[in-house]
**Q** 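Handing you a structure now.
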Amino acid sequence: MSGASGSARTRYAILGCGSVGHAVAESLSERGKDVLILDRDESRVEALRDQDLNARVQDISEPDVVDALDDRDIVLILASDVEANKAAVSAIREVDGDQYVVVRASDPVSEDELRERGADVVINPSTVIADSALQSLETGELEYMARQLAEIIEGGGGRMAILTHDNPEPDSIASATALQAIADAFGVEADILYSGDVGHQENRAFVNLLGIDLRSRADAPPLSEYDTVAAVDLAKSAEDEMDFETGIDVYIDHLESDAPPDARFVDVRTNVSSTSTILTKYLQEFDQSPTEAVATALLYGIRAETLDFKRDTTPADLTAAAYLHPFANHDTLEQVESPSMSPETLDVLAEAIQNRQVQGSHLFSTAGFIRDREALAQAAQHLLNLEGITTTAVLGIADDHIYLAARSKDIRLNIGNVLQEAFAEMGDAAGHSTQGSVEIPLGIFTGIEASGGNRDTLLHLTEEAVRRKLFDALGVEGAAEGGNGS
(Lines give C-alpha, C1' and ligand atoms only; values in the text may rest on other atoms or scores of the structure.)
Protein backbone atom coordinates (compact mmCIF):
# COMPACT_ATOMS: atom_id res chain seq x y z
CA MET A 1 0.00 0.00 0.00
CA SER A 2 1.53 3.29 -1.06
CA GLY A 3 0.16 5.22 1.90
CA ALA A 4 2.32 3.11 4.19
CA SER A 5 5.52 4.02 2.36
CA GLY A 6 5.63 7.60 3.54
CA SER A 7 3.27 9.37 1.14
CA ALA A 8 2.49 12.88 2.38
CA ARG A 9 -1.08 12.81 1.08
CA THR A 10 -3.72 10.37 2.25
CA ARG A 11 -5.78 8.81 -0.54
CA TYR A 12 -9.40 7.84 -0.01
CA ALA A 13 -11.81 5.47 -1.72
CA ILE A 14 -15.58 5.54 -1.31
CA LEU A 15 -17.37 2.32 -2.22
CA GLY A 16 -21.08 2.82 -2.89
CA CYS A 17 -22.10 6.39 -3.50
CA GLY A 18 -25.68 6.85 -2.42
CA SER A 19 -26.75 9.91 -0.44
CA VAL A 20 -24.34 9.17 2.42
CA GLY A 21 -21.39 8.39 0.19
CA HIS A 22 -22.07 11.44 -1.98
CA ALA A 23 -22.11 13.75 1.05
CA VAL A 24 -18.82 12.29 2.32
CA ALA A 25 -17.22 12.53 -1.15
CA GLU A 26 -18.20 16.19 -1.55
CA SER A 27 -16.89 17.06 1.92
CA LEU A 28 -13.54 15.34 1.33
CA SER A 29 -13.18 16.89 -2.13
CA GLU A 30 -13.86 20.37 -0.74
CA ARG A 31 -10.93 19.79 1.65
CA GLY A 32 -8.69 18.99 -1.28
CA LYS A 33 -8.49 15.25 -0.59
CA ASP A 34 -7.71 12.64 -3.27
CA VAL A 35 -10.97 10.69 -3.49
CA LEU A 36 -11.85 7.73 -5.73
CA ILE A 37 -15.54 6.73 -5.94
CA LEU A 38 -16.64 3.23 -6.95
CA ASP A 39 -20.30 2.51 -7.69
CA ARG A 40 -22.07 -0.03 -9.91
CA ASP A 41 -24.72 2.44 -11.17
CA GLU A 42 -23.43 3.83 -14.49
CA SER A 43 -25.76 6.80 -14.56
CA ARG A 44 -24.74 7.77 -11.03
CA VAL A 45 -21.07 7.50 -11.92
CA GLU A 46 -21.66 9.71 -14.96
CA ALA A 47 -23.38 12.32 -12.80
CA LEU A 48 -20.49 12.26 -10.33
CA ARG A 49 -18.01 12.82 -13.14
CA ASP A 50 -20.06 15.78 -14.29
CA GLN A 51 -19.33 17.25 -10.85
CA ASP A 52 -15.60 16.76 -11.49
CA LEU A 53 -15.42 13.86 -9.04
CA ASN A 54 -13.15 10.88 -9.74
CA ALA A 55 -15.70 8.06 -10.19
CA ARG A 56 -15.57 4.61 -11.77
CA VAL A 57 -18.14 1.90 -12.48
CA GLN A 58 -17.50 -1.05 -10.17
CA ASP A 59 -19.64 -3.68 -8.45
CA ILE A 60 -18.22 -3.51 -4.94
CA SER A 61 -19.52 -7.01 -4.10
CA GLU A 62 -17.15 -8.56 -6.66
CA PRO A 63 -13.69 -9.75 -5.50
CA ASP A 64 -11.90 -7.72 -8.19
CA VAL A 65 -12.88 -4.53 -6.33
CA VAL A 66 -9.51 -4.81 -4.56
CA ASP A 67 -7.67 -4.16 -7.83
CA ALA A 68 -8.94 -0.59 -7.83
CA LEU A 69 -7.88 -0.01 -4.22
CA ASP A 70 -4.20 -0.84 -4.37
CA ASP A 71 -3.08 2.81 -4.06
CA ARG A 72 -5.75 3.82 -1.53
CA ASP A 73 -5.01 4.41 2.18
CA ILE A 74 -8.49 4.71 3.66
CA VAL A 75 -11.54 2.89 2.30
CA LEU A 76 -15.06 3.99 3.22
CA ILE A 77 -17.63 1.34 2.31
CA LEU A 78 -20.94 3.21 2.46
CA ALA A 79 -23.46 1.37 0.27
CA SER A 80 -26.96 0.83 1.60
CA ASP A 81 -26.63 -2.84 0.50
CA VAL A 82 -25.05 -4.38 3.62
CA GLU A 83 -24.39 -7.70 1.89
CA ALA A 84 -22.31 -5.89 -0.74
CA ASN A 85 -20.47 -4.09 2.08
CA LYS A 86 -19.67 -7.42 3.75
CA ALA A 87 -18.32 -8.80 0.49
CA ALA A 88 -16.11 -5.75 -0.04
CA VAL A 89 -14.62 -5.97 3.47
CA SER A 90 -13.92 -9.69 3.01
CA ALA A 91 -12.30 -9.12 -0.39
CA ILE A 92 -9.96 -6.47 1.01
CA ARG A 93 -8.89 -8.58 3.98
CA GLU A 94 -8.52 -11.81 1.97
CA VAL A 95 -5.70 -10.27 -0.07
CA ASP A 96 -4.10 -8.92 3.12
CA GLY A 97 -5.08 -5.38 2.23
CA ASP A 98 -3.84 -3.11 5.01
CA GLN A 99 -6.09 -0.16 4.23
CA TYR A 100 -8.00 1.43 7.10
CA VAL A 101 -11.59 0.31 6.47
CA VAL A 102 -14.69 2.21 7.61
CA VAL A 103 -17.94 0.44 6.72
CA ARG A 104 -21.66 1.08 7.00
CA ALA A 105 -23.91 -1.38 8.87
CA SER A 106 -27.69 -1.60 9.08
CA ASP A 107 -28.26 -3.05 12.55
CA PRO A 108 -26.35 -4.45 15.56
CA VAL A 109 -26.11 -7.92 13.99
CA SER A 110 -24.46 -6.63 10.81
CA GLU A 111 -22.19 -4.44 12.98
CA ASP A 112 -20.80 -7.56 14.65
CA GLU A 113 -20.46 -9.42 11.34
CA LEU A 114 -18.56 -6.57 9.71
CA ARG A 115 -16.15 -6.31 12.64
CA GLU A 116 -15.53 -10.07 12.44
CA ARG A 117 -14.67 -9.66 8.73
CA GLY A 118 -12.01 -7.12 9.57
CA ALA A 119 -13.58 -3.64 9.49
CA ASP A 120 -11.67 -1.10 11.58
CA VAL A 121 -14.70 1.11 12.19
CA VAL A 122 -18.37 0.20 11.78
CA ILE A 123 -20.99 2.93 11.47
CA ASN A 124 -24.68 2.29 12.02
CA PRO A 125 -26.61 5.29 10.62
CA SER A 126 -29.51 4.66 13.00
CA THR A 127 -27.16 4.93 15.98
CA VAL A 128 -25.49 8.02 14.56
CA ILE A 129 -28.85 9.72 14.01
CA ALA A 130 -30.03 8.76 17.51
CA ASP A 131 -26.82 10.10 19.09
CA SER A 132 -27.12 13.33 17.12
CA ALA A 133 -30.76 13.69 18.13
CA LEU A 134 -29.91 13.15 21.81
CA GLN A 135 -27.08 15.67 21.62
CA SER A 136 -29.43 18.22 20.06
CA LEU A 137 -32.00 17.43 22.73
CA GLU A 138 -29.45 18.00 25.50
CA THR A 139 -28.39 21.29 23.92
CA GLY A 140 -31.99 22.41 23.58
CA GLU A 141 -32.83 21.35 27.13
CA LEU A 142 -29.89 23.34 28.51
CA GLU A 143 -30.99 26.42 26.56
CA TYR A 144 -34.52 26.03 27.93
CA MET A 145 -33.30 25.50 31.51
CA ALA A 146 -30.96 28.49 31.26
CA ARG A 147 -33.83 30.73 30.17
CA GLN A 148 -35.92 29.54 33.12
CA LEU A 149 -33.06 30.11 35.56
CA ALA A 150 -32.44 33.60 34.19
CA GLU A 151 -36.12 34.51 34.52
CA ILE A 152 -36.21 33.43 38.17
CA ILE A 153 -33.01 35.25 39.08
CA GLU A 154 -33.91 38.47 37.23
CA GLY A 155 -37.54 38.41 38.29
CA GLY A 156 -36.86 37.65 41.93
CA GLY A 157 -35.60 41.04 42.97
CA GLY A 158 -32.37 42.50 44.23
CA ARG A 159 -31.13 39.97 46.82
CA MET A 160 -30.57 36.23 46.65
CA ALA A 161 -29.55 33.58 49.20
CA ILE A 162 -27.54 30.59 48.01
CA LEU A 163 -27.53 27.67 50.44
CA THR A 164 -24.76 25.11 50.60
CA HIS A 165 -24.97 21.87 52.54
CA ASP A 166 -23.84 21.53 56.16
CA ASN A 167 -20.07 21.88 56.69
CA PRO A 168 -19.68 22.66 52.99
CA GLU A 169 -17.11 20.93 50.82
CA PRO A 170 -15.39 22.19 47.64
CA ASP A 171 -18.09 21.11 45.17
CA SER A 172 -20.83 22.82 47.17
CA ILE A 173 -18.78 25.99 47.76
CA ALA A 174 -17.64 26.18 44.13
CA SER A 175 -21.18 25.68 42.79
CA ALA A 176 -22.48 28.43 45.05
CA THR A 177 -19.65 30.73 43.94
CA ALA A 178 -20.52 30.17 40.27
CA LEU A 179 -24.23 30.77 40.87
CA GLN A 180 -23.31 33.95 42.74
CA ALA A 181 -21.36 35.11 39.66
CA ILE A 182 -24.31 34.32 37.40
CA ALA A 183 -26.64 36.29 39.68
CA ASP A 184 -24.20 39.21 39.68
CA ALA A 185 -24.24 39.25 35.87
CA PHE A 186 -28.01 39.74 36.08
CA GLY A 187 -27.61 42.58 38.58
CA VAL A 188 -28.64 40.52 41.61
CA GLU A 189 -26.62 40.52 44.84
CA ALA A 190 -26.25 37.03 46.30
CA ASP A 191 -25.08 35.80 49.71
CA ILE A 192 -23.62 32.29 50.09
CA LEU A 193 -24.94 30.81 53.34
CA TYR A 194 -23.83 27.69 55.21
CA SER A 195 -24.56 25.85 58.44
CA GLY A 196 -21.97 24.10 60.59
CA ASP A 197 -18.27 24.78 60.01
CA VAL A 198 -15.79 25.09 57.18
CA GLY A 199 -13.45 22.94 59.20
CA HIS A 200 -11.35 20.80 56.86
CA GLN A 201 -7.97 22.49 56.38
CA GLU A 202 -8.13 22.14 52.57
CA ASN A 203 -11.59 23.71 52.57
CA ARG A 204 -10.42 26.60 54.73
CA ALA A 205 -7.42 27.12 52.44
CA PHE A 206 -9.77 26.94 49.43
CA VAL A 207 -12.06 29.65 50.79
CA ASN A 208 -9.27 31.91 52.06
CA LEU A 209 -6.98 31.75 49.02
CA LEU A 210 -9.82 32.45 46.58
CA GLY A 211 -11.40 35.13 48.76
CA ILE A 212 -14.79 33.42 48.77
CA ASP A 213 -17.25 35.24 51.04
CA LEU A 214 -19.32 32.71 53.00
CA ARG A 215 -21.83 33.72 55.66
CA SER A 216 -22.95 31.52 58.50
CA ARG A 217 -26.71 30.99 58.62
CA ALA A 218 -26.58 32.05 62.27
CA ASP A 219 -25.17 35.47 61.32
CA ALA A 220 -27.28 36.06 58.20
CA PRO A 221 -30.81 37.45 57.91
CA PRO A 222 -33.70 34.97 57.88
CA LEU A 223 -34.31 33.41 54.49
CA SER A 224 -37.68 35.14 54.38
CA GLU A 225 -35.87 38.46 53.94
CA TYR A 226 -34.29 37.34 50.67
CA ASP A 227 -36.11 37.83 47.36
CA THR A 228 -34.84 34.55 45.90
CA VAL A 229 -33.49 31.43 47.62
CA ALA A 230 -31.32 28.86 45.84
CA ALA A 231 -29.80 25.60 47.10
CA VAL A 232 -26.85 23.83 45.48
CA ASP A 233 -25.29 20.42 46.10
CA LEU A 234 -27.62 19.73 49.00
CA ALA A 235 -28.46 16.02 48.60
CA LYS A 236 -25.36 14.68 50.36
CA SER A 237 -26.27 16.52 53.56
CA ALA A 238 -28.96 16.29 56.19
CA GLU A 239 -29.61 19.91 55.22
CA ASP A 240 -32.03 18.72 52.53
CA GLU A 241 -34.36 17.50 55.26
CA MET A 242 -34.50 20.75 57.23
CA ASP A 243 -37.69 22.71 57.53
CA PHE A 244 -37.00 25.82 55.49
CA GLU A 245 -38.78 28.88 56.76
CA THR A 246 -39.37 29.99 53.18
CA GLY A 247 -39.72 28.27 49.83
CA ILE A 248 -36.77 27.31 47.64
CA ASP A 249 -36.77 28.89 44.20
CA VAL A 250 -33.73 27.21 42.63
CA TYR A 251 -32.38 23.72 43.37
CA ILE A 252 -29.32 22.35 41.53
CA ASP A 253 -27.51 19.10 42.34
CA HIS A 254 -25.81 16.08 40.80
CA LEU A 255 -27.30 13.61 43.29
CA GLU A 256 -30.90 12.57 43.89
CA SER A 257 -32.24 13.48 47.32
CA ASP A 258 -34.64 11.48 49.44
CA ALA A 259 -36.46 14.71 50.36
CA PRO A 260 -35.65 17.46 47.85
CA PRO A 261 -37.12 20.91 48.43
CA ASP A 262 -40.20 21.72 46.37
CA ALA A 263 -38.46 24.31 44.21
CA ARG A 264 -39.73 26.36 41.26
CA PHE A 265 -36.61 25.46 39.29
CA VAL A 266 -35.02 22.01 39.68
CA ASP A 267 -31.96 20.73 37.81
CA VAL A 268 -30.72 17.39 39.12
CA ARG A 269 -28.32 15.60 36.76
CA THR A 270 -27.16 12.22 37.97
CA ASN A 271 -25.25 11.66 34.72
CA VAL A 272 -22.44 13.97 35.92
CA SER A 273 -20.24 13.58 38.98
CA SER A 274 -20.22 17.10 40.40
CA THR A 275 -22.55 20.06 40.76
CA SER A 276 -19.60 22.19 39.66
CA THR A 277 -19.90 20.55 36.23
CA ILE A 278 -23.54 21.67 35.98
CA LEU A 279 -22.74 25.26 36.95
CA THR A 280 -19.88 25.33 34.43
CA LYS A 281 -22.39 24.43 31.70
CA TYR A 282 -24.63 27.31 32.80
CA LEU A 283 -21.72 29.76 32.66
CA GLN A 284 -21.07 28.59 29.09
CA GLU A 285 -24.74 28.79 28.16
CA PHE A 286 -24.93 32.36 29.51
CA ASP A 287 -21.76 33.14 27.53
CA GLN A 288 -20.00 34.20 30.75
CA SER A 289 -16.24 33.76 30.84
CA PRO A 290 -15.48 32.80 34.45
CA THR A 291 -13.21 34.98 36.55
CA GLU A 292 -9.98 33.39 37.71
CA ALA A 293 -11.43 32.80 41.18
CA VAL A 294 -14.65 31.20 39.88
CA ALA A 295 -12.79 29.02 37.35
CA THR A 296 -10.30 27.88 39.98
CA ALA A 297 -13.11 27.09 42.42
CA LEU A 298 -15.10 25.10 39.86
CA LEU A 299 -12.07 23.18 38.63
CA TYR A 300 -11.15 22.29 42.20
CA GLY A 301 -14.78 21.33 42.90
CA ILE A 302 -14.76 18.89 39.96
CA ARG A 303 -11.36 17.48 40.87
CA ALA A 304 -12.30 17.04 44.55
CA GLU A 305 -15.61 15.34 43.75
CA THR A 306 -14.04 12.92 41.26
CA LEU A 307 -10.86 12.31 43.32
CA ASP A 308 -8.81 14.03 40.63
CA PHE A 309 -10.73 12.25 37.84
CA LYS A 310 -10.18 8.78 39.34
CA ARG A 311 -13.76 8.22 40.60
CA ASP A 312 -16.99 8.11 38.56
CA THR A 313 -15.72 10.67 36.05
CA THR A 314 -18.01 11.35 33.08
CA PRO A 315 -17.23 12.95 29.70
CA ALA A 316 -19.18 16.03 30.83
CA ASP A 317 -16.89 16.41 33.88
CA LEU A 318 -13.81 16.19 31.65
CA THR A 319 -15.09 18.71 29.09
CA ALA A 320 -16.07 21.12 31.87
CA ALA A 321 -12.61 20.78 33.43
CA ALA A 322 -10.96 21.32 30.02
CA TYR A 323 -13.01 24.49 29.53
CA LEU A 324 -12.06 25.84 32.98
CA HIS A 325 -8.37 24.90 32.79
CA PRO A 326 -7.06 28.01 30.94
CA PHE A 327 -9.04 30.37 33.21
CA ALA A 328 -7.88 28.83 36.53
CA ASN A 329 -4.91 29.76 38.72
CA HIS A 330 -2.96 26.53 39.03
CA ASP A 331 -0.53 27.90 41.62
CA THR A 332 -3.53 28.55 43.87
CA LEU A 333 -4.84 25.02 43.21
CA GLU A 334 -1.51 23.58 44.32
CA GLN A 335 -1.62 25.65 47.51
CA VAL A 336 -5.18 24.50 48.23
CA GLU A 337 -4.31 20.84 47.70
CA SER A 338 -1.20 20.96 49.91
CA PRO A 339 -2.13 22.94 53.02
CA SER A 340 -0.17 22.57 56.23
CA MET A 341 -1.63 20.13 58.77
CA SER A 342 -2.78 21.70 62.03
CA PRO A 343 -1.49 20.30 65.34
CA GLU A 344 -5.05 19.23 66.22
CA THR A 345 -5.39 17.26 62.99
CA LEU A 346 -1.99 15.66 63.54
CA ASP A 347 -3.03 14.60 67.07
CA VAL A 348 -6.30 13.11 65.81
CA LEU A 349 -4.51 11.25 63.02
CA ALA A 350 -1.93 9.87 65.45
CA GLU A 351 -4.68 8.64 67.81
CA ALA A 352 -6.62 7.10 64.93
CA ILE A 353 -3.56 5.25 63.65
CA GLN A 354 -2.72 3.95 67.14
CA ASN A 355 -6.29 2.82 67.94
CA ARG A 356 -7.21 1.27 64.57
CA GLN A 357 -9.17 -1.97 64.49
CA VAL A 358 -9.36 -3.91 61.23
CA GLN A 359 -11.87 -6.49 60.09
CA GLY A 360 -11.07 -7.69 56.60
CA SER A 361 -10.76 -4.55 54.48
CA HIS A 362 -12.74 -2.42 56.95
CA LEU A 363 -10.99 -0.18 59.49
CA PHE A 364 -12.55 1.40 62.57
CA SER A 365 -10.74 3.72 64.96
CA THR A 366 -11.31 6.27 67.68
CA ALA A 367 -9.58 9.59 68.22
CA GLY A 368 -11.00 10.04 71.71
CA PHE A 369 -12.14 13.44 72.97
CA ILE A 370 -11.46 16.05 70.29
CA ARG A 371 -11.74 19.79 69.69
CA ASP A 372 -11.93 19.85 65.87
CA ARG A 373 -14.42 17.35 64.53
CA GLU A 374 -13.39 18.08 60.92
CA ALA A 375 -10.07 16.41 61.73
CA LEU A 376 -11.97 13.10 61.88
CA ALA A 377 -12.76 13.32 58.16
CA GLN A 378 -9.10 13.97 57.34
CA ALA A 379 -8.02 11.03 59.50
CA ALA A 380 -10.55 8.75 57.77
CA GLN A 381 -9.24 9.86 54.38
CA HIS A 382 -5.59 9.30 55.35
CA LEU A 383 -6.30 5.84 56.79
CA LEU A 384 -7.96 4.86 53.50
CA ASN A 385 -4.45 4.85 52.00
CA LEU A 386 -3.38 1.88 54.16
CA GLU A 387 -2.72 -1.27 52.16
CA GLY A 388 -5.73 -3.58 51.91
CA ILE A 389 -8.18 -1.05 53.39
CA THR A 390 -11.29 -0.09 51.40
CA THR A 391 -13.48 1.46 54.13
CA THR A 392 -12.57 3.57 57.15
CA ALA A 393 -14.51 5.12 60.03
CA VAL A 394 -13.07 7.33 62.77
CA LEU A 395 -14.96 8.24 65.94
CA GLY A 396 -14.52 11.23 68.21
CA ILE A 397 -16.43 12.85 71.10
CA ALA A 398 -16.95 16.60 71.41
CA ASP A 399 -19.58 18.87 72.99
CA ASP A 400 -21.62 15.94 74.39
CA HIS A 401 -21.95 14.43 70.93
CA ILE A 402 -20.45 11.42 69.17
CA TYR A 403 -19.06 12.19 65.73
CA LEU A 404 -18.18 9.57 63.14
CA ALA A 405 -16.51 10.27 59.79
CA ALA A 406 -16.36 7.49 57.19
CA ARG A 407 -14.72 7.04 53.80
CA SER A 408 -14.88 4.21 51.25
CA LYS A 409 -13.32 3.31 47.91
CA ASP A 410 -15.24 0.04 47.58
CA ILE A 411 -17.35 0.41 44.42
CA ARG A 412 -19.78 -2.22 45.71
CA LEU A 413 -20.59 -0.16 48.80
CA ASN A 414 -22.50 3.05 49.46
CA ILE A 415 -21.09 4.18 52.78
CA GLY A 416 -23.76 6.89 53.11
CA ASN A 417 -26.50 4.25 52.97
CA VAL A 418 -24.60 2.07 55.47
CA LEU A 419 -24.46 4.93 57.98
CA GLN A 420 -28.15 5.69 57.45
CA GLU A 421 -29.03 2.05 58.12
CA ALA A 422 -26.89 1.88 61.24
CA PHE A 423 -27.47 5.24 62.91
CA ALA A 424 -30.36 7.23 61.37
CA GLU A 425 -32.78 6.31 64.17
CA MET A 426 -30.52 7.72 66.88
CA GLY A 427 -28.87 10.73 65.25
CA ASP A 428 -28.10 12.60 62.04
CA ALA A 429 -26.47 10.44 59.36
CA ALA A 430 -25.62 11.80 55.93
CA GLY A 431 -23.39 10.91 53.01
CA HIS A 432 -23.14 9.24 49.62
CA SER A 433 -21.23 6.41 47.96
CA THR A 434 -17.72 7.35 49.09
CA GLN A 435 -18.09 9.42 52.25
CA GLY A 436 -20.43 10.06 55.12
CA SER A 437 -20.78 11.38 58.66
CA VAL A 438 -22.82 10.73 61.80
CA GLU A 439 -23.70 12.96 64.75
CA ILE A 440 -25.33 11.32 67.79
CA PRO A 441 -26.16 12.73 71.25
CA LEU A 442 -23.72 11.13 73.69
CA GLY A 443 -26.33 9.79 76.10
CA ILE A 444 -27.98 7.59 73.44
CA PHE A 445 -25.49 4.77 73.95
CA THR A 446 -24.36 5.18 77.55
CA GLY A 447 -26.96 7.02 79.59
CA ILE A 448 -24.15 8.71 81.53
CA GLU A 449 -22.73 12.21 81.32
CA ALA A 450 -19.13 13.03 80.52
CA SER A 451 -16.99 14.02 83.49
CA GLY A 452 -13.34 13.85 84.47
CA GLY A 453 -13.81 10.61 86.41
CA ASN A 454 -15.62 8.56 83.80
CA ARG A 455 -14.11 9.73 80.50
CA ASP A 456 -12.22 6.50 79.81
CA THR A 457 -15.25 4.35 80.60
CA LEU A 458 -17.51 6.55 78.53
CA LEU A 459 -15.15 6.43 75.56
CA HIS A 460 -14.82 2.65 75.76
CA LEU A 461 -18.59 2.07 75.94
CA THR A 462 -19.23 4.47 73.07
CA GLU A 463 -16.51 2.96 70.90
CA GLU A 464 -17.81 -0.59 71.45
CA ALA A 465 -21.42 0.31 70.67
CA VAL A 466 -20.66 2.35 67.55
CA ARG A 467 -18.18 -0.20 66.19
CA ARG A 468 -20.62 -3.08 66.64
CA LYS A 469 -23.47 -1.24 64.91
CA LEU A 470 -21.24 -0.10 62.06
CA PHE A 471 -19.71 -3.51 61.43
CA ASP A 472 -23.16 -5.15 61.65
CA ALA A 473 -24.44 -2.74 58.99
CA LEU A 474 -21.37 -3.53 56.85
CA GLY A 475 -22.06 -7.24 57.22
CA VAL A 476 -18.65 -7.84 58.79
CA GLU A 477 -18.25 -11.18 60.53
CA GLY A 478 -16.55 -11.20 63.89
CA ALA A 479 -17.53 -7.62 64.65
CA ALA A 480 -17.25 -8.29 68.35
CA GLU A 481 -13.52 -8.79 67.99
CA GLY A 482 -10.96 -6.27 66.82
CA GLY A 483 -7.29 -5.91 66.01
CA ASN A 484 -5.04 -3.05 65.09
CA GLY A 485 -4.02 -4.60 61.78
CA SER A 486 -0.33 -4.38 62.59
**Q** Are any of the side-chain heavy atoms of Ile302 and Phe309 separated by less than 4.5 Å?
**A** yes

**Q** If you apply the rule side chain to side chain donor-acceptor pair (under 3.5 Å), what do you find for Gln180 with Asp213, and how did you get there?
**A** CA-CA 10 Å; Gln180 183 183 51; Asp213 184 16; 5.9 Å; no

**Q** Considering only NZ, NE, NH1 and NH2 on the basic side and carboxylate oxygens on the acidic side, decide whether Arg115 and Asp120 come within less than 4.0 Å.
**A** no

**Q** With under 30° as parallel and over 60° as perpendicular, where do the rings of Tyr300 and Phe206 fit, or are they tilted in between?
**A** tilted

**Q** When you measure from the side chain of Asp317 to the backbone of Thr314, do you find a donor-acceptor pair of N or O atoms at a distance under 3.5 Å?
**A** yes

**Q** Would you say Arg40 has more than 12 foreign heavy atoms packed within less than 6.0 Å of its CZ?
**A** no

**Q** Taking atom types as modelled, find out whether Thr390 and Ser361 have a side-chain donor-acceptor pair closer than 3.5 angstrom.
**A** yes

**Q** Run Arg72 and Leu36 through side-chain contact (heavy atoms from CB on, under 4.5 Å) and show every step you take.
**A** CA-CA 8 Å; Arg72 299 289 119 176; Leu36 168 65; 3.7 Å; yes

**Q** Without swapping roles, check the side chain of Arg93 against the backbone of Ser90 for a donor-acceptor pair under 3.5 Å.
**A** no

**Q** For residues Leu69 and Leu38, determine if any side-chain heavy atom of one lies less than 4.5 Å from a side-chain heavy atom of the other.
**A** yes

**Q** For Gln435 and Glu169, which I'm curious about, is there any donor-acceptor pair between the side chains at under 3.5 Å?
**A** yes

**Q** Would you please name every residue forming a salt bridge (charged side-chain N to carboxylate O under 4.0 Å, His left out) with Glu285, sequence neighbours left out?
**A** none

**Q** Around Glu141, counting heavy atoms of other residues, nucleotides and ligands shown, do more than 12 lie under 6.0 Å from its CD?
**A** no

**Q** I need the Asn329 CG to Thr296 OG1 distance, nearest 0.5 Å.
**A** 5.0 Å

**Q** Kindly compute the distance separating CZ (Arg407) from CG (Asn385), expressed to the nearest 0.5 Å.
**A** 12.0 Å

**Q** Work out which heavy atom in Ser29 is nearest to a heavy atom in Val35; give both atom names and the distance.
**A** OG-CG2, 4.2 Å

**Q** Mind listing the closest non-hydrogen atom pair of Ser437 and Leu419 along with its distance?
**A** N-CD1, 3.5 Å

**Q** Under 3.5 Å, side chain of Ser110 to main-chain N/O of Asp107, donor-acceptor pair present?
**A** yes

**Q** Evaluate the side-chain proximity of Tyr12 to Asp34: yes if any heavy-atom separation is below 4.5 Å, no if none is.
**A** no

**Q** For the CG atom of Leu214 and the CG atom of Leu193, what is their distance to the nearest 0.5 Å?
**A** 9.0 Å

**Q** Does any part of the side chain of Val103, heavy atoms only, come nearer than 4.5 Å to the side chain of Arg117, both counted from C-beta?
**A** no

**Q** Would you check if the side chain of Ser276 reaches a backbone N or O of Gly301 as a donor-acceptor pair within less than 3.5 Å?
**A** no

**Q** Run Ile152 and Arg147 through side-chain contact (heavy atoms from CB on, under 4.5 Å) and show every step you take.
**A** CA-CA 9 Å; Ile152 290 176; Arg147 287 199 302 269; over 6 Å; no

**Q** Indicate whether the side chain of Thr277 and that of Ser274 have a donor and an acceptor atom separated by less than 3.5 Å.
**A** yes

**Q** Can you see which heavy atom on Asp71 is nearest to which on Arg11, and at what distance?
**A** O-NE, 2.7 Å

**Q** Are Phe265 and Tyr251 close enough that their ring centres sit under 6.0 Å apart?
**A** no

**Q** For the residue pair Gln359 and Phe364, establish whether any side-chain heavy-atom pair is separated by less than 4.5 Å.
**A** no

**Q** Would you call Arg269 and Asp267 a salt bridge, taking side-chain N to carboxylate O under 4.0 Å as the test?
**A** yes

**Q** Show the numbers, then the answer: is there a side chain to side chain donor-acceptor pair (under 3.5 Å) between Asp410 and Ser408?
**A** CA-CA 6 Å; Asp410 188 341; Ser408 178; 5.5 Å; no

**Q** Once you round to the nearest 0.5 Å, how far does CG of Leu363 lie from OG1 of Thr391?
**A** 9.5 Å

**Q** Between Thr392 and Lys409, is a side chain to side chain donor-acceptor pair (under 3.5 Å) present by the stated rule, with each step listed?
**A** CA-CA 9 Å; Thr392 62; Lys409 57 185 178 184; over 6 Å; no

**Q** Is there a donor in the side chain of Gln357 and an acceptor in the side chain of His362, or the other way round, less than 3.5 Å apart?
**A** no

**Q** Does the side chain of Pro108 reach to within under 4.5 Å of the side chain of Asn124, using non-hydrogen atoms?
**A** yes

**Q** Run the side-chain contact (heavy atoms from CB on, under 4.5 Å) test on Ile252 and Asp233 for me, step by step, so that the C-alpha distance in whole Å, both residues' side-chain angles and the decisive distance to 0.1 Å come before the verdict.
**A** CA-CA 6 Å; Ile252 303 174; Asp233 199 48; over 6 Å; no

**Q** Let me confirm one number: the CD1-CD1 distance from Ile92 to Ile60, rounded to the nearest 0.5 Å.
**A** 9.0 Å

**Q** Without hydrogens or angle criteria, can the side chains of Asp249 and Thr228 be said to hold a donor-acceptor pair below 3.5 Å?
**A** no

**Q** Side-chain contact, heavy-atom cut-off 4.5 Å: Phe423 with Leu470?
**A** yes

**Q** Please give me the minimum heavy-atom distance between Ser289 and Tyr323, naming the atom from each residue.
**A** CA-OH, 4.1 Å

**Q** Going by heavy atoms in the side chains, are Ile37 and Asn54 under 4.5 Å from each other?
**A** no

**Q** In this structure, which one of Arg44, Glu42, Arg49 forms a side-chain contact (heavy atoms from CB on, under 4.5 Å) with Glu46?
**A** Arg49

**Q** In sequence, state the C-alpha distance, the side-chain angles, and the governing distance for Thr127 and Glu111, and then conclude on side-chain contact (heavy atoms from CB on, under 4.5 Å).
**A** CA-CA 11 Å; Thr127 303; Glu111 285 185 51; 4.2 Å; yes

**Q** What are the two closest non-hydrogen atoms of Ala55 and Leu48, and how far apart are they?
**A** CB-CB, 3.9 Å

**Q** Report the distance from atom CZ of Arg104 to atom CG of Asp81, rounding to the nearest 0.5 Å.
**A** 10.0 Å

**Q** Minimum heavy-atom separation for His330 to Leu299, with atom names?
**A** CE1-CD2, 3.9 Å

